Amino acid sequence: MKNYFKPNLLLSIPSLHFSRQNPKLYFHTNTHFVEQLQHSKTLNSVISIHSNILKIGFLTDTYTTNHLLNAYLRQKEIQNAHQLFDEMSQPNVVSWTSLMAGYINNRKPWVALRLFETMPKDQVLPNSFTFTTAINACSFLADVETGRKIHAHVEILGLKSDLVVCTSLVDMYGKCNDVVEAQKVFDTMVYRNVVSWTSMMVVYVQNALGEEALLLFREFILFMSPNHFMLTSVISACSSLGRLVTGKVTHGAVIRRGYDGNDVVASSLVDMYAKCGCITYSRKVFRLIVNPGVIPFTSMVVGAAKYGQGNLSLDLFEEMIERGIRPNDVTFLGVLHACSHSGLVDIGLEHLNSMYTKHGIVPDAKHYICAVDMLGRLGRLDEAYQLAKTISTEAKEVALLWGSLLSASRSHGRLDLTVEAGKKLLELKQQLAGTYIKDATYAFYAGDMSSCTRGTEIMNVLRELELRMKERGYVSGSKGLVFVDVEEEAEEAIVGLHSEKLALGFSLISMPRGMTIRIMKNLRMCLNCHEAFKLISDVVKRDIVVRDLNRFHHFKDGLCTCKDFW
DNA sequence: TTAGGGTTAG
């Protein structure tokens with residue numbers, strides 16, 4: 001703590017006058033320090049105030065020291081804060097909770113949990129603030145087991161009526177993918193506000209239950225007004241469902257309420273329009289952001305890449321570098337995706353190499369898988385295979401990797417590598433066989449329906465759909481029914497439509513854990529859409545909400561202000 | 001009355 005003792009430039013009053021024997025002076029000086037700490041903006045100013053507090057002997061006062069502790073934490077000085085905490089004669093519950101929160105903000109939530117366990121041994125009992133902080137740590141760690149234990153204590157101690165504690169529980173269960181438990185907490189909450197409703201909506205969105213999120217929102221707006229946090233979640237739900245019209249309506253609400261200047265809201269809109277096939281709208285919204293940071297830029301880079309506008313994607317990447325915005329791992333996924341789909345393999349590989357050398361980002365399995373895909377598409381299969389063999393990652397990604405190579409080998413007539421990739425997929429399937437459960441994942445990849453457990457069944461239905469479309473004059477080809485997701489071929493088909501008018505109306509039905517089927521809007525022209533949805537829902541045995549695509553007729557470009565559309 | 005909850009890109 002040597003750096004605490006900086007020259008005292010602020011106060012030079014003899015310490016004699018500041019003893020507790022002079023309560024009035026003591027109070028005023030104390031208030032003075034607290035005010036200074038609350039307004040301290042730099043580490044130097046905090047150190048300086050700390051030095052003055054030490055001189056006058058106020059460090060024995062827990063209230064003042066807590067302010068000092070938090071001033072260090074605001075400067076991200078966790079080590080200094082912890083040392084100060086250790087030096088405190090009587091740290092109270094506020095000191096403990098502050099330090100715990102400090103560790104969470106410094107990305108060390110496990111230390112916060114350790115402190116939480118230690119507290120009672122130090123004769124300090126946690127309160128609702130401490131519980132919220134501990135639950136928050138579990139949320140960061142996705143540690144549902146510890147979360148459940150803390151939840152049990154919350155029930156025992158009667159903290160169940162605390163709005164903030166319950167909201168953090170909803171959030172924690174959601175981050176741990178336990179939607180049922182999150183919903184239980186939400187349903188039994190004594191009080192709810194816009195934050196708790198938003199938390200529950202986010203739980204749904206992050207667990208692929210966008211429809212439930214929108215239903216909850218419809219309930220919410222009956223008696224409360226949404227803020228920008230909530231509208232962002234609604235937009236996010238629309239993105240996940242491909243609900244363009246609802247997204248536009250929400251955009252209208254954003255503008256009417258004056259939230260369109262908010263970067264986070266704008267980023268969610270950029271993403272939503274891109275996912276709904278309206279890259280032009282994404283660009284419009286993006287260009288209205290005054291100083292776009294890494295997230296809106298990445299949304300745009302990824303969005304453009306996905307819709308085949310590789311050059312736009314790469315231009316945006318260059319622009320962000322020129323502006324001094326540091327890209328991250330997600331940005332590079334978008335860049336590699338763009339190169340892959342524009343045939344720019346060597347440029348893509350250069351970007352992959354530059355990730356670490358120029359930007360200090362270590363590429364992970366996702367980046368390498370993207371590179372394998374990129375090489376495979378262009379027929380550089382031996383390089384792709386050599387690279388693929390070096391990648392070790394989790395099962396889901398392994399399937400993606402070898403599925404992609406299988407598809408590329410097949411289309412380039414490389415029987416040897418087709419067999420190799422097929423073997424790898426088969427091995428994986430055998431490994432996973434024991435873990436399959438009823439109504440679980442239907443992961444299947446373009447050009448490889450054999451890897452889907454009900455692939456034949458699904459293919460039969462899709463063939464039937466195509467047949468019926470043909471009966472109504474539809475000519476099969478790249479336009480029309482697009483049904484296989486996960487792999488990019490599906491997206492290429494979307495790009496194949498080119499016309500924004502057509503791409504505007506595709507509907508995306510996403511189901512939990514992997515399976516997604518897309519139906520293009522022009523299917524409606526060839527086949528009764530409800531019929532198509534019904535057929536598919538029969539196959540997958542899930543309830544799919546049938547969307548009335550005819551509604552698209554009622555909306556033209558621009559914003560819809562129909563409030564009750566949600 | 002110093003400490004606690006929700007939003008965006010893969």
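Naming convention: chains lettered A, B, ... in sequence-line order (proteins, then strands); numbering from 1 in each chain. Just so it is clear, the structure is predicted and the values come from calculations on it, not from any experiment. Only this structure's heavy atoms are used, side chains among them; waters, hydrogens and symmetry mates stay out.
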Nucleotide nearest A/K275 (side chain, heavy atoms from C-beta), chosen from B/dT7, B/dG5, B/dA9: B/dA9

Which nucleotide in B/dA3, B/dT7, B/dG6 has an atom nearest any side-chain atom of A/H228: B/dT7

Sugar-phosphate only, base, or nothing, as touched by A/L163 at under 4.0 Å among non-hydrogen atoms: base

Mutual orientation of the aromatic rings belonging to A/H341 and A/H337 [parallel < 30°, tilted 30-60°, perpendicular > 60°]: parallel

Spacing of A/N262 atom CG relative to B/dG6 atom C1', expressed in whole Å: 13 Å

Nearest listed nucleotide, side chain of A/S267, among B/dT2, B/dT8, B/dG5: B/dT8

Given B/dG10, B/dT7, B/dG4, the nucleotide with the shortest approach to the side chain of A/L333: B/dG10

Sugar-phosphate, base or nothing in reach of A/D162, heavy atoms under 4.0 Å: base

Side-chain donor-acceptor pair present, A/Q79, A/Y72, cut-off under 3.5 Å: no

Donor-acceptor pair under 3.5 Å, A/T232 side chain vs B/dT7 base: yes

Touch class at under 4.0 angstrom, heavy-atom based, for A/T198 against every strand present: base

Distance, rounded to the nearest Å, where A/I295 contributes CD1 and B/dG10 contributes C1': 11 Å

Sugar-phosphate only, base, or nothing, as touched by A/S128 at under 4.0 Å among non-hydrogen atoms: base

Pair of N/O donor and acceptor under 3.5 Å linking B/dG4 base with A/T133 side chain: no

Check: A/F317 ring centroid to A/F332 ring centroid under 6.0 Å: yes

Any donor-acceptor N or O pair under 3.5 Å, side chains A/S340, A/D373: yes

For atom CZ of A/F129 and atom C1' of B/dT2, their distance in whole Å: 10 Å

Axial cation check for A/F186 ring with A/R192, 6.0 Å and 45° limits: yes

Whole-Å distance separating the CG atom of A/N66 from the P atom of B/dG4: 12 Å

Side chain of A/T167 - closest among B/dG6, B/dG10, B/dG5: B/dG5

hbond_proxy A/D329 side chain to B/dG10 base (donor-acceptor, 3.5 Å cutoff): yes

Sugar-phosphate, base or nothing in reach of A/V301, heavy atoms under 4.0 Å: nothing

Separation of B/dG6 C1' from A/W197 CH2 (nearest whole Å): 14 Å

Rounded distance (Å) that lies between atom C1' of B/dG6 and atom CZ of A/F220: 11 Å

A/W197 ring center within less than 6.0 Å of A/F217 ring center: no

Sugar-phosphate only, base, or nothing, as touched by A/T97 at under 4.0 Å among non-hydrogen atoms: base

Any A/N70 side-chain nitrogen or oxygen under 4.0 Å from OP1 or OP2 of B/dT2: no

Side-chain N or O of A/K175 closer than 4.0 Å to phosphate OP1/OP2 of B/dT7: yes

Nearest-neighbour nucleotide for the A/T132 side chain, B/dT7, B/dG10, B/dG5 considered: B/dG5

Sugar-phosphate, base or nothing in reach of A/V165, heavy atoms under 4.0 Å: base

Closest to side chain of A/K306, choosing from B/dG10, B/dT8, B/dG6: B/dG10

Under-3.5 Å donor-acceptor pair between A/N193 side chain and B/dG5 base: yes

Distance below 4.0 Å between A/K366 side-chain N/O and B/dA9 OP1 or OP2: no

Sugar-phosphate, base or nothing in reach of A/V94, heavy atoms under 4.0 Å: base

A/H251 ring center near A/Y281 ring center (under 6.0 Å): no

Between C1' of B/dG10 and CG of A/L352, the distance in whole Å: 16 Å

Closest to the A/S196 side chain, choosing from B/dA9, B/dT7, B/dG5: B/dG5

Rounded interatomic separation in angstrom, taking NE2 from A/H367 and C1' from B/dA9: 12 Å

Selection from B/dG4, B/dT7, B/dG10 that lies nearest to any side-chain heavy atom of A/N136: B/dG4

